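For reference, the structure is listed below as structure tokens.
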Amino acid sequence: MYETKYHKASSVADAVSLIGKSDDGKLLSGGQTLVPTMKARLAAPSDLVDVSGIADMHGVSISGSTVTIGAATTHANVAGNADLQAKCGGVACLAAGIGDPAVRHKGTIGGSIANNDPAADYPAAMLALDATIKTNAREIAAADFFVGMFETALEEDEVIVSISFDAPAKAAYAKFPNPASRYAMVGVFAAQTVDGARVAVTGAGDDGVYRQFDMEAALDTDWSPNALAGVQVGSEGLLSDMHGDATYRANLVKVMTRRAVAGCA
Ligand SMILES: Cc1cc2nc3c(=O)[nH]c(=O)nc-3n(C[C@H](O)[C@H](O)[C@H](O)COP(=O)(O)OP(=O)(O)OC[C@H]3O[C@@H](n4cnc5c(N)ncnc54)[C@H](O)[C@@H]3O)c2cc1C
């Protein structure tokens, strides 16, 4: 075993201080990605700074049209929040479809977006909703936050505190899950926002989450699944792997967008 020092942070300031003092520390939230990575010896942090007990980083709050979710809020608590279900059911529904019950009861929204797995679900919602990621140091727009596959704009030791977005008029998420992992083969979050239609795709892009501008243009003219019939989705820039090639994923992008728009509430 590699030796790792475990610290339980009591506040955001405490987490920032502990991680700053460590040699090669890592923040720990739900541990659903980091712990398996350590077990596989792909990471060996000198220190683990656990943010899961920081009260300010928990819960969903709604003020007017603004929804704020604490970074350490588990997927299960996002999925089960009645206010969020009423205000933006698409995000609650997305959280309910992540992994399995064990993953949902430990894994957190902050850990998920910090990890920015190209097949993770939350990045699609964050990008489509033009969410703002608040850290201990600044606010980052989702469009600037997701930089590429497993890459974000976070500086070393920067702590995500919360995520906020304006509730859209309508929104829904449709995912074609990998039958083994439940990660997205393709997942599409579609939203009708004050800035128009927004469609963001996860699981398909070879550089992570992206917006599908042609679909957005079609939906701006006519918000209905039928409006997407004439939109061509090419396979350039899409992932090919053992689960499906780029042409297969291109078709799934179209099918999942139709399903998301049809399911919008
Ligand atoms: C079997 C299985 C199935 C899964 N299926 C899905 C799925 O269907 N869809 C999906 O989207 N995900 C899926 N996941 C991933 C899951 O959603 C995890 O919750 C997510 O990957 C990481 O969240 P976490 O809270 O566990 O983060 P951790 O594992 O604790 O941390 C992950 C990374 O984020 C960093 N980090 C954590 N919190 C913060 C913070 N507040 N600020 C800055 N950096 C931070 C950590 O340092 C680490 O680098 C699955 C995982 C497993 C094990």
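Owing to the predicted nature of the structure, the values given are computational and were not obtained by experimental measurement. Both ligands and their constituent atoms are indexed starting at 1 by order of listing.
- Polar contact check, Leu27 against ligand 1: a nitrogen or oxygen pair lies under 3.5 Å apart.
- Although no hydrogens or angles enter the test, the distance criterion places a donor-acceptor pair under 3.5 Å between the side chain of Gln85 and the main chain of Ala79.
- Of the N or O atoms in Met57, none lie within a sub-3.5 Å distance of an N or O in ligand 1.
- Heavy-atom separations between Arg104 and ligand 1 are all 4.0 Å or longer.
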When you look at Asp241 and Arg249, which way does the salt bridge (charged side-chain N to carboxylate O under 4.0 Å, His left out) test go after all the steps?
-> CA-CA 10 Å; Asp241 58 21; Arg249 278 191 164 84; 3.2 Å; yes
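- Nearest residue to atom 17 (O) of ligand 1 from Gln32, Lys175, His75, Arg182 is His75 (criterion: closest heavy atom).
- Two residues are said to be in side-chain contact when any heavy atoms from C-beta on lie closer than 4.5 Å; Trp223 and Val261 meet this criterion.
- Listed by number with element, the atoms of ligand 1 under 4.0 angstrom from any heavy atom of Val159 are 42 (N).
- For atom 42 (N) of ligand 1, the nearest protein heavy atom (residue, atom name, distance) is Ile160 N, 2.8 Å.
- Results of the side-chain contact (heavy atoms from CB on, under 4.5 Å) test with Leu27 over Val51, Leu34, Leu18, Asp50 single out Val51 as the only residue that passes.
- In this structure, the protein non-hydrogen atom closest to atom 3 (C) of ligand 1 is Ser181 O, 3.5 Å.
- Put simply, the side chain of Asp14 gets close to the backbone of Ser10: a donor and an acceptor are under 3.5 Å apart.
- Atom 21 (O) of ligand 1 has as its closest protein heavy atom Thr33 OG1, 2.4 Å.
- Between Pro123, Gly187, Ala114, it is Ala114 that holds the heavy atom closest to atom 36 (N) of ligand 1.
- Within ligand 1, the atoms closer than 4.0 Å to a non-hydrogen atom of Gly107 are 19 (O), 25 (O), 26 (O), numbered from 1 in the order shown.
- The nearest protein atom to atom 14 (N) of ligand 1, hydrogens excluded, is given as Tyr183 OH, 3.0 Å; this is a heavy-atom distance.
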Review item, side-chain donor-acceptor pairs of residues 180-193, under 3.5 Å, at least two apart:
from   : atom 1 : to     : atom 2 : distance (Å)
Ser181 : OG     : Tyr183 : N      : 3.0
Thr193 : OG1    : Asp195 : N      : 3.1
Thr193 : OG1    : Gly196 : N      : 3.4
Thr193 : OG1    : Gly196 : O      : 2.8

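- The shortest contact between atom 7 (C) of ligand 1 and any protein heavy atom is with Gly99 N, 3.4 Å.
- Residues Val78 and Phe165 share a single hydrophobic cluster, defined by chaining ILVMFWY side chains whose heavy atoms lie under 4.5 Å apart.
- Atom 38 (N) of ligand 1 has its closest protein heavy atom at Ser29 CB, 3.4 Å.
- For Asp121 and Lys175, the salt-bridge test passes: some basic side-chain N is under 4.0 Å from an acidic carboxylate O.
- At distances below 3.5 Å, not a single donor-acceptor pair connects side-chain atoms of Ser29 with backbone N or O atoms of Gly111.
- With Gly111, Ala72, Gly31 as candidates, the residue nearest to atom 33 (C) of ligand 1 on a non-hydrogen basis is Gly111.
- Contacts between Thr108 and ligand 1, counted as non-hydrogen atom pairs separated by less than 4.0 Å, involve both the backbone and the side chain.
- Side-chain N or O atoms of Ser112 include none that pairs as donor or acceptor with a backbone N or O of Thr108 at under 3.5 Å.
- Ranking the protein heavy atoms by distance from atom 49 (O) of ligand 1 puts Lys26 NZ, 3.5 Å first.
- The nearest heavy-atom contact from the protein to atom 2 (C) of ligand 1 is Val103 CG2, 3.5 Å.
- Between Lys254 and Asp214 there is no salt bridge, since none of the side-chain N atoms of the basic residue sits less than 4.0 Å from a carboxylate O of the acidic one.
- Although no hydrogens or angles enter the test, the distance criterion places a donor-acceptor pair under 3.5 Å between the side chain of Asn116 and the main chain of Gly148.
- Close N/O approach between Tyr122 and ligand 1 is not found [any backbone or side-chain N/O within under 3.5 Å].
- Numbered from 1 in the order shown, with element, the atoms of ligand 1 that lie under 4.0 Å from a heavy atom of Ser112 read 20 (C), 22 (C), 23 (O).
- Polar contact check, Val35 against ligand 1: no nitrogen or oxygen pair lies under 3.5 Å apart.
- Not one N or O of Ala184 is nearer than 3.5 Å to an N or O of ligand 1, by distance alone.
- Geometrically, ligand 1 and Ala71 share no nitrogen or oxygen pair separated by less than 3.5 Å.
- Pairs of residues two or more places apart, or lying in two chains, that qualify as salt bridge (charged side-chain N to carboxylate O under 4.0 Å, His left out) and include a residue from residues 216-234 are Arg211-Glu216.
- Ring planes of Tyr122 and His75: tilted class, angle from 30 to 60°.
- Residue-to-ligand polar distances place Asp121 within reach of ligand 1: an N/O pair is separated by less than 3.5 Å.
- Some N or O of Leu34 is nearer than 3.5 Å to an N or O of ligand 1, by distance alone.
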